[in-house]
Engineer: 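The following block contains the structure, expressed as structure tokens.
Bear in mind the structure is a predicted one, so any value in this text is a computation, not a measurement.
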Number of protein chains: 2
Amino acid sequence: MTADAKTKTTRQRGSWKQDPEAVKADILRVAREEFAAHGLSGARAQEIASRTKTSKRMIFYYFKDKENLYREVLEQAYRDVRTGEKALELENLDPVAALRKLVAYTFDHHRANEDFIRLVMIENIHRGSHVAESDTIRAGNSPVVEQLKEIVERGQQQGIFRDDIDPLQLHWKISAFCFFNVSNEATFSVIFGNEMTTQTGQDSLKADVVDTIVKSVLTTST
Amino acid sequence: MTADAKTKTTRQRGSWKQDPEAVKADILRVAREEFAAHGLSGARAQEIASRTKTSKRMIFYYFKDKENLYREVLEQAYRDVRTGEKALELENLDPVAALRKLVAYTFDHHRANEDFIRLVMIENIHRGSHVAESDTIRAGNSPVVEQLKEIVERGQQQGIFRDDIDPLQLHWKISAFCFFNVSNEATFSVIFGNEMTTQTGQDSLKADVVDTIVKSVLTTST
DNA sequence: GGCACAATGAACCATACGGTTAATTAGGTG
DNA sequence: CACCTAATTAACCGTATGGTTCATTGTGCC
């Protein structure tokens, strides 16, 4: 009443605590989900803001513009995934067991990080222009290839792996299987049915993928 | 002349021929390129119109709205690709040779149809909602799986292929390799270098992919 | 030729959307 | 506590964009 009446043009504003880091983290988390769900052009700044504890203004205050926010989301996503890739302890396993474990792990890991997969899909739609601009992404060359190289060398020393294996190409093949499994699930199941999407389908597929990769590196028993 | 004199407030409009089918085809062609390049939300109606011989008006006249245009683009793309998939004449080849030919062909075919790959990527970003709505896409179950099934059965009869092969799962593995090769080229080469993008890299990869698939179906010589 | 209807062009519209301006508050420092 | 700056709120803005209105022209048909 009286208090209300006194609100000339400017009204009473609520009080608030400052917590910049939490606000930034909040924005990044929601932005990641929104970009993963709708892509760069499909995501809406207003929608990101709404799902945040803060306002649209703060998004541009901290992240300059939409594209820059997207880039930071990408960088964080790559950072997170790479962090989670470590410590498989493959050194104590024989080469075949190590490879099996690595492939199975990658299969599950991709499944469990669908948002990351989707961000990479989106980035490929944009022809990788944003990852190309990010030094931090280009620099942190995923350690998986190094692990593979080590496994391959041990297998070759033991004479059970072929001599013409390119670790990068091997990594490519593993990635192709594990990535495609998540990235193309939607269209594949619409066209060919849900057979491979079910739990048993995925189990069968994982076993097949692991076997296929292992067979591709073993020396052909003459 | 008399016709010229009649131009009150409305000015002389250029004359034109009617050719609805050509106009529609023109729009579809450009729209396909634009959607493949920028995605559903990223593509601009005005930009599609500009690259067309017709106007933005006609896009909505013939295709109702953007989403419907996108759906028709998708349908046409699937139709085209399936048409191009036929006639490999694998019946006369022994199972291994037939499989090798099919895989190598798929590898090249995906490479040569990048726009289609990109449309499928985009559709997966949208969780396949548009292909799901299209009867014509769901219906025309790609004949490749049938071809594979036939090859597999022949191989099994000859005792050179394993007995536990699921043709659909085999198709999945071939697709994974050939699709990923195109879909993830951008990010993969940014992060791991261009080694696999060069002509020699692609040749080596294709050979590896073919071998890997073939080895996965052969009976393990005990 | 003239009628009905499909096809087309030009201009227009409502609004969604990325981004900004301006005022206000919190919190640290001397 | 006074003062400065970073953080935050509320309101606003210009324009890009999907879509439409309306008048006009082509075309087959009787």
Engineer: Over how many whole Å does the gap from M58(B) atom CE to dT21(D) atom P extend?
Structural biologist: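 Rounding to the nearest Å, CE of M58(B) and P of dT21(D) are 16 Å apart.
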Engineer: So Y62(A), base contact, sugar-phosphate only, or nothing? Heavy-atom distance under 4.0 Å.
Structural biologist: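 Since only primed, P, OP1 and OP2 atoms lie under 4.0 Å of Y62(A), the category is sugar-phosphate.
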Engineer: Are any of T54(B)'s side-chain N or O atoms less than 4.0 Å away from OP1 or OP2 of dT8(C)?
Structural biologist: no
Engineer: Determine which pairs satisfy ring-ring contact (aromatic ring centres under 6.0 Å, His included) with at least one residue from residues 111-131 of chain A, sequence neighbours left out, and list them in order.
Structural biologist: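 For residues 111-131 of chain A: Y70(A)-H130(A), Y78(A)-F116(A), H126(A)-H130(A).
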Engineer: Please give, in whole Å, the distance from dG19(D) P to F63(B) CZ?
Structural biologist: 14 Å
Engineer: What is the separation between atom CG on L69(B) and atom P on dG19(D), rounded to the nearest whole Å?
Structural biologist: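 Distance, rounded to whole Å: 10 Å.
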Engineer: Answer with base, sugar-phosphate or nothing: what part of the nucleic acid does A43(B) contact at a heavy-atom distance below 4.0 Å?
Structural biologist: sugar-phosphate
Engineer: Among dG19(D), dG18(C), dT8(C), which nucleotide has an atom closest to any side-chain atom of K66(A)?
Structural biologist: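 Closest nucleotide to the K66(A) side chain: dG18(C).
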Engineer: Reckon R57(A) touches a base, only the sugar-phosphate, or nothing at all at heavy-atom distances under 4.0 Å?
Structural biologist: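 R57(A): base contact, heavy atoms under 4.0 Å.
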Engineer: Distance-only, no hydrogens or angles: does the R118(A) side chain make a donor-acceptor pair with backbone N or O of A37(A) under 3.5 Å?
Structural biologist: yes
Engineer: Specify the residue among S41(A) and V23(B) whose closest nucleotide of DNA chain C lies further upstream toward the 5′ end.
Structural biologist: V23(B)
Engineer: Starting at CD of E21(B) and ending at C1' of dA6(C), how long is that distance when rounded to a whole Å?
Structural biologist: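 Atom CD in E21(B) sits about 13 Å away from atom C1' in dA6(C).
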Engineer: How many whole angstroms separate atom CD of Q46(B) from atom P of dT15(D)?
Structural biologist: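 After rounding, the reported distance stands at 17 Å.
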Engineer: Apply side chain to side chain donor-acceptor pair (under 3.5 Å) to H171(A) and list each qualifying residue two or more places apart in sequence or on a separate chain.
Structural biologist: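 S175(A).
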Engineer: Send over the distance from R44(A) CZ to dT15(C) P, rounded to a whole Å.
Structural biologist: 17 Å
Engineer: For dA7(D), take OP1 and OP2 only and decide whether either is under 4.0 Å from a side-chain N or O of Y61(A).
Structural biologist: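 Answer yes for this pair, as a side-chain N or O of Y61(A) is under 4.0 Å from OP1 or OP2.
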Engineer: Return yes if a side-chain donor-acceptor contact under 3.5 Å exists between T198(A) and T200(A), otherwise no.
Structural biologist: yes
Engineer: Once you round it to whole Å, what is the distance between P of dG18(D) and OH of Y70(B)?
Structural biologist: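 That distance rounds to 15 Å.
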Engineer: Which whole-number value in Å describes the distance from F60(A) CZ to dA7(D) P?
Structural biologist: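 In whole Å, dA7(D) P lies 18 Å from F60(A) CZ.
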Engineer: Taking atom NZ as the centre, does K101(A) end up with more than 12 heavy-atom neighbours from other residues, nucleotides or ligands that are less than 6.0 angstrom away?
Structural biologist: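 Atom NZ in K101(A) is packed in, count exceeds 12.
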